[in-house]
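For reference, the structure is listed below as C-alpha cells.
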There are 2 protein chains.
Amino acid sequence: MKLKQNINLAVDGIIFGYQDHQLYVLLIKQKYGSQKDKWALPGGFVLDDEKLIDAVKREVKEETGVKVQYLEQLYTFGDDIDRDPRFRVVSVAYFGTVNPKHMELKPTTDALDAQWFSIAKMPKLAFDHNKIIEVALDRLRGKLNYQPIGFNLLDSKFPFSDLEQLYMTILDRDIDRRNFRKKILSFGFLEETDEFHKAGSGRPGKLFKFNSKKYKELEQEGISLEIKFA
Amino acid sequence: MKLKQNINLAVDGIIFGYQDHQLYVLLIKQKYGSQKDKWALPGGFVLDDEKLIDAVKREVKEETGVKVQYLEQLYTFGDDIDRDPRFRVVSVAYFGTVNPKHMELKPTTDALDAQWFSIAKMPKLAFDHNKIIEVALDRLRGKLNYQPIGFNLLDSKFPFSDLEQLYMTILDRDIDRRNFRKKILSFGFLEETDEFHKAGSGRPGKLFKFNSKKYKELEQEGISLEIKFA
DNA sequence: ACAAAAGTGTTCGCTTTACACCCATGT
DNA sequence: ACATGGGTGTAAAGCGAACACTTTTGT
C-alpha cells in the first residue's frame, strides 16, 4: 500500500524579540516563487528524519543566523489548499523567543535579507503570515498571564522596570508598578542579585534573575502562577 | 524544484462523550499493520484537496458512524519518526465532543470494531495514542474553566445537576452545588426552560439550555468567563 | 537643588469559599 | 412518613485594585 499524497510538510517560526520597549518579529525576504520580494516568516520544508522543532531551529538559523532560545508549537495551518500551485503545503507553526543578546542577524544565501520588524509597524506579508503572527501574539499575551515566558525576552539579569515595561508593551496597557512588583515577587521565582543597573539618570535599580529551578519546583507542586494586576 | 519528501500527513480524532457520570473516548480496533488488533484513535490520511478538520470528520464518520458536534485542533504529533517503517507519518490531532444523542455507533468496513471506552479504564493503545489522549484530557479540563465546552457533552436541555456531575467527573473533584450554580447562572448564558427532569425519585429539576447566541454576545464584549468554584 | 527613576504599605471592595436547612416528588 | 434529589442565603476570608511619598543617583 503506497500512498500518493501530494502534500508537503513545512514549518514556520514566529520568533519574538524585545528591545527598547518594542516587540519585534523576525522576518525574511522571499527570494523565489510567486511571493518573491515580499517579507515572510522564516521556515521551510521538513527533512524526512528531522523532528519538527529541529526543522524550525535549522531554518531560522540558516535563514537569519539567529539561534532561538525558546520554542513551542503554535498551530498547524493546512487549509489554504491552493497556496502553492505545484503541491499543497501544510505548515506547522512554532512560536519562540530570543533574548536581546541573540538578536544579531547574520544573513546567509538562503534569504535575500532578514530583519526584525516591530509589531507596531508590520508590513503586508507573504501568504497568510500576518494572520499567523496575530495568532502567535494572542498566545504570547495569553501566556504572559500564567507562565513566566516574559523572562525569555530579557537579558538573564534585568532591572524590575524592564520586566514591567515588557509586560506593558506586549499587553498594550498600563500596569501599576507597586502591585506588579508585589505580585511577581510573591511567586518566589525571582532572585535578587547584588548588581545594579546603571541608568542614564535616576536611582540605579537592583538586577534580578529568573530562577528556573525554583520555578520548576513550584510548577511541580501545582501552585497557581496566575498573574493578575491592575 | 520538485520535493521528494517521504512524509505522509494524517489526522487523528480524540472524541469525547459523556454518559452516566463517565467520560468516554471513541476508539477503533486496528485492522491492518504492525499494530493490528490494538485499539487506537480514529483517523487516517488527509486527501489532497481536503481541509484538515474535514479529514477528521470524514474518518471518524467512516470508521465509527459518529457525527462529531464540536472539533478543534489539539496538537501535531510528528516526532515519532519510525512509527511506520514505510514512511514517516505526521499526524494532526483534533479533539472533539459529541452529545449523548449522537453516541450510537455504526461500525463500517474500515474498522474491525469501534467502541466508547471510559477514561477511567483505558486499555493500552496503539502508537502513542495513550499520550495523545492525556494531552486532550488536559486541554478539556483546562477549557472547562474558561469556555462553555461542557454543554457540548450534554443533551440540549439538561438539569443543573447533570452539569455539576459533568464538571465533577471531568475535573475529578468535588464542587459545591450552591456556589457552582450561582457562578454559572451569573454569566447569563443559561436559559431556563419550563420543562422538568423526571428523576427516578426526588424533586424534579428544572431543565436549562445553553443560549449560544447570548454567549457569543458576551464573548464579543470581552467579558471574562472564568469559572472558579469551591 | 533639581530631575529622573527606584523603592515601598495601606485601605477598600469584590469575589471566592464555607456551610445547612427546607422543598417537591415518588414509593 | 420516609427517602431522594432539588433549590436556596449569609458570613468570613482572601485577593485584586487604587493610590503618593520617600530614596538614591547624576547633572
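Letters go in sequence order (proteins before strands), and every chain restarts at 1.
Checked against ring-ring contact (aromatic ring centres under 6.0 Å, His included), F117(A) has the following partners two or more places apart in sequence or in another chain: W39(A). Remark: Y215(B) engages F189(B), F210(B) in a ring-ring contact (aromatic ring centres under 6.0 Å, His included) (not counting sequence neighbours).
Across every non-hydrogen atom of L26(B) and L41(B), the tightest pair is O-CD2, 4.4 Å. Nearest heavy-atom pair across L171(A) and R141(A) is CD2-O, 3.9 Å. In terms of heavy atoms, P42(A) sits closest to T64(A) at CB-CG2, 4.5 Å.
One can place CD of E226(B) at 13 Å from P of dT15(C), the figure rounded to the nearest angstrom. Between the CG atom of L207(B) and the P atom of dG6(D) there is a distance of 11 Å, given to the nearest Å. Straight-line distance from the CD atom of E164(B) to the P atom of dT8(D): 13 Å, rounded to whole Å. Following rounding to the nearest Å, L163(A) (CG) and dA6(C) (C1') show an atom-to-atom distance of 15 Å. For the pair K198(A) NZ and dT24(D) P, the computed distance is 19 Å after rounding to whole Å. Rounded to a whole Å, the CG atom of D174(A) is 13 Å from the C1' atom of dA18(D). In this structure, H197(A) places its NE2 atom 11 Å from P of dG7(C), rounding to the nearest Å. At whole-Å resolution of the value, CD in E195(A) and P in dT25(D) are 16 Å apart.
Ionic pairing of K143(B) and E72(B) is present here: one or more N-O contacts between side-chain nitrogen and carboxylate oxygen are shorter than 4.0 angstrom.
Distances shown here put a side-chain N or O of K183(B) below 4.0 Å from the OP1 or OP2 atom of dT16(C).
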Checklist outcome for this item: Under a 4.0 Å heavy-atom criterion, the protein footprint on nucleotides 19-27 of chain C, written with B, S and -, is BB--BBBS-
